[in-house]
Number of protein chains: 2
Amino acid sequence: MTGKTQKRREALRAALIEAAERRIADSGFRGLTARDLAKEVGCAVGAIYTIFRDMDALAAAVNARTTARLEQAVAIALAGETDGDARRQLVLLGQTYFGFVLDNPRLWSAIFELGYRGEGDDLKPEAEHARLIGHVARPLERLLPDMEAARRLLVARSLFAAVHGIVSLGQQSRFMPVPPSEVSAQIAFIIEAFCDGAVRRRQGEREA
Amino acid sequence: MTGKTQKRREALRAALIEAAERRIADSGFRGLTARDLAKEVGCAVGAIYTIFRDMDALAAAVNARTTARLEQAVAIALAGETDGDARRQLVLLGQTYFGFVLDNPRLWSAIFELGYRGEGDDLKPEAEHARLIGHVARPLERLLPDMEAARRLLVARSLFAAVHGIVSLGQQSRFMPVPPSEVSAQIAFIIEAFCDGAVRRRQGEREA
DNA sequence: CATGGAAATGAACGTCGTTCAAGGATTATT
DNA sequence: AATAATCCTTGAACGACGTTCATTTCCATG
């Protein structure tokens, strides 16, 4: 019957992440405190540190969960439209990203409010990020067929970053506030302009 | 000789902002503490609160200074190239933005790490932001002459946001790290693609 | 020079993340 | 089943943080 403590640890870990997520979701990243959390899950403050190195590691775990949910939302949105043209898919992708941010503003902000992570960390969000970029790269594959894969990944990354920038500045009430519908239009505009420009540039290269 | 205290207050204010800026520049936003700051400028901790409502207000003052310097850098870069075509100017603008971020990474990050500002604040960064967007809108004026000014401001804003996104994700070592030269290339790429797409779309509208 | 009011002081307060000696639980041994 | 050995959890304690406020110090004025 080896592993009774282990079960308890796993349960506590899950409870901690869930409670922390709830707290971040409706009080923001700074509203996450060790004492409140311990009270909410019914454990001692020290217990948190038997599972996570520090509070940042706990926040990182919540962020990983958020990123996974975002990736899932994107995957679901794209599932129903595999046959449409690339432009429409990319726009849909951008709108889904924006929609997710509108639905989970504080959880999404927490991803970027967390400072630089140390190196000795067991968390690997890179895989989730790669899958996210993959969702962008796939439509690009049809739009720019004869581009080398590595280069296409970089293009996908910059397109993603561009949309991210629009959403990011759109969320900040300072920096010229803009209504959501306008942000949505800006996303569509930049994606389509980007696509047009990219294929045109590619065709120009071919002729030369 | 009325106003000796006032002079001292102004000197203290300047010293506080300067010291806070130094501290943020080489220790990051979180490295700014009231006690260290007081020790550095040689005043009591309470003195800070006779000039700033709280530490966030001080950070906001530093951020305003940073934004002003960014705007100045952009203005200088554009001053020597008023006659070039719009695309080149916009790319130059993006590179200047990126260069500024490379030179002042922590000061720039502080702008976005500061949480939501209260309403009863005497600081108005909006003017500086408007001037920044103005530098983007001016070249666009030549690129899209028959677009209404308000719409062009929105386009300028999304182009700025797109470049900001690329720089922003480029600065985060997580999220697929990319060398500066590649970030620079991505900026040029997205700006030119954006311009191509925008004018093409505009011409298409005209024909229809 | 005296004096009234404004401004600076720094000890004190409450809260934060984090630690660690002490105590309790779980497993291994007889 | 009882004891020993090991691990784990606990929550009071620590240092540092932002912020406040009774006290002291200073300056402009009569």
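Chain identifiers are assigned alphabetically (A, B, ...) following the order of the sequence lines, protein sequences preceding nucleic acid strands; residue numbering begins at 1 within each chain.
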**OP:** Provide, to the nearest angstrom, the distance between the NZ atom belonging to Lys7(B) and the P atom belonging to dA7(C).
**Re:** 16 Å
Original post:
Which nucleotide in the list dG18(D), dG17(C), dG10(C) gets nearest to the side chain of Tyr49(A)?
Top reply: dG17(C)
Original post:
Does the side chain of Phe160(A) reach to within under 4.5 Å of the side chain of Leu93(A), using non-hydrogen atoms?
Top reply: no
**OP:** Quick one: label Leu32(B) by what it contacts on the DNA or RNA (base, sugar-phosphate, nothing), any heavy atom closer than 4.0 Å.
**Re:** sugar-phosphate
**OP:** May I have the distance from Phe52(B) (atom CZ) to dT20(D) (atom P), rounded to whole angstrom?
**Re:** 16 Å
**OP:** Dump the intermediate steps for side-chain hydrogen bond (donor to acceptor under 3.5 Å, both in side chains) on His135(A) and Glu71(A), then the final yes or no.
**Re:** CA-CA 9 Å; His135(A) 285 305; Glu71(A) 196 272 334; 2.8 Å; yes
Subject >> Pairing residues for Glu21(B) by the salt bridge (Lys or Arg N to Asp or Glu O under 4.0 Å) criterion, not counting sequence neighbours >> reply: Arg65(B), Arg69(B)
**OP:** Please determine, for the side chain of Met55(A), which listed nucleotide (dG11(D), dG17(C), dT9(C)) has the closest atom?
**Re:** dG17(C)
Original post:
Taking the side chain of Thr33(B) as heavy atoms from C-beta outward, which of dG18(D), dT10(D), dG10(C) is closest to it?
Top reply: dG18(D)
Original post:
Considering only dT9(C), dT10(D), dG18(D), which nucleotide approaches the side chain of Ala47(A) most closely?
Top reply: dT10(D)
Original post:
Asp56(A) has an atom CG; how far is it from atom C1' of dG17(C), in whole Å?
Top reply: 10 Å
Original post:
What's the CD1-C1' distance between Ile51(A) and dC8(D), to the nearest Å?
Top reply: 11 Å
Subject >> Rounded interatomic separation in angstrom, taking CZ from Arg13(B) and P from dA7(C) >> reply: 15 Å
Subject >> 5' priority, DNA chain D, between Asp36(B) and Arg35(A) [closest heavy atom] >> reply: Arg35(A)
Original post:
Are Arg9(B) and dA8(C) close enough that a side-chain N or O sits under 4.0 Å from OP1 or OP2?
Top reply: yes
Original post:
Between atom CD1 in Ile48(B) and atom C1' in dT20(D), what is the gap in whole Å?
Top reply: 13 Å
Original post:
To the nearest angstrom, how far is Gln6(B) atom CD from dA8(C) atom P?
Top reply: 11 Å
Original post:
Parallel, tilted or perpendicular: which describes the rings of His164(B) and Phe112(B), with under 30° parallel and over 60° perpendicular?
Top reply: tilted
Subject >> side chain to side chain donor-acceptor pair (under 3.5 Å) involving Asn104(B) - partner list, sequence neighbours excluded >> reply: none
Original post:
dA8(C) phosphate, OP1 or OP2: any side-chain N/O from Thr50(B) under 4.0 angstrom?
Top reply: yes
**OP:** Mind calculating the distance between CZ (Arg53(A)) and C1' (dT19(C)) to the nearest angstrom?
**Re:** 15 Å
Original post:
Any side-chain N or O of Arg8(B) under 4.0 Å from OP1/OP2 of dC27(D)?
Top reply: yes
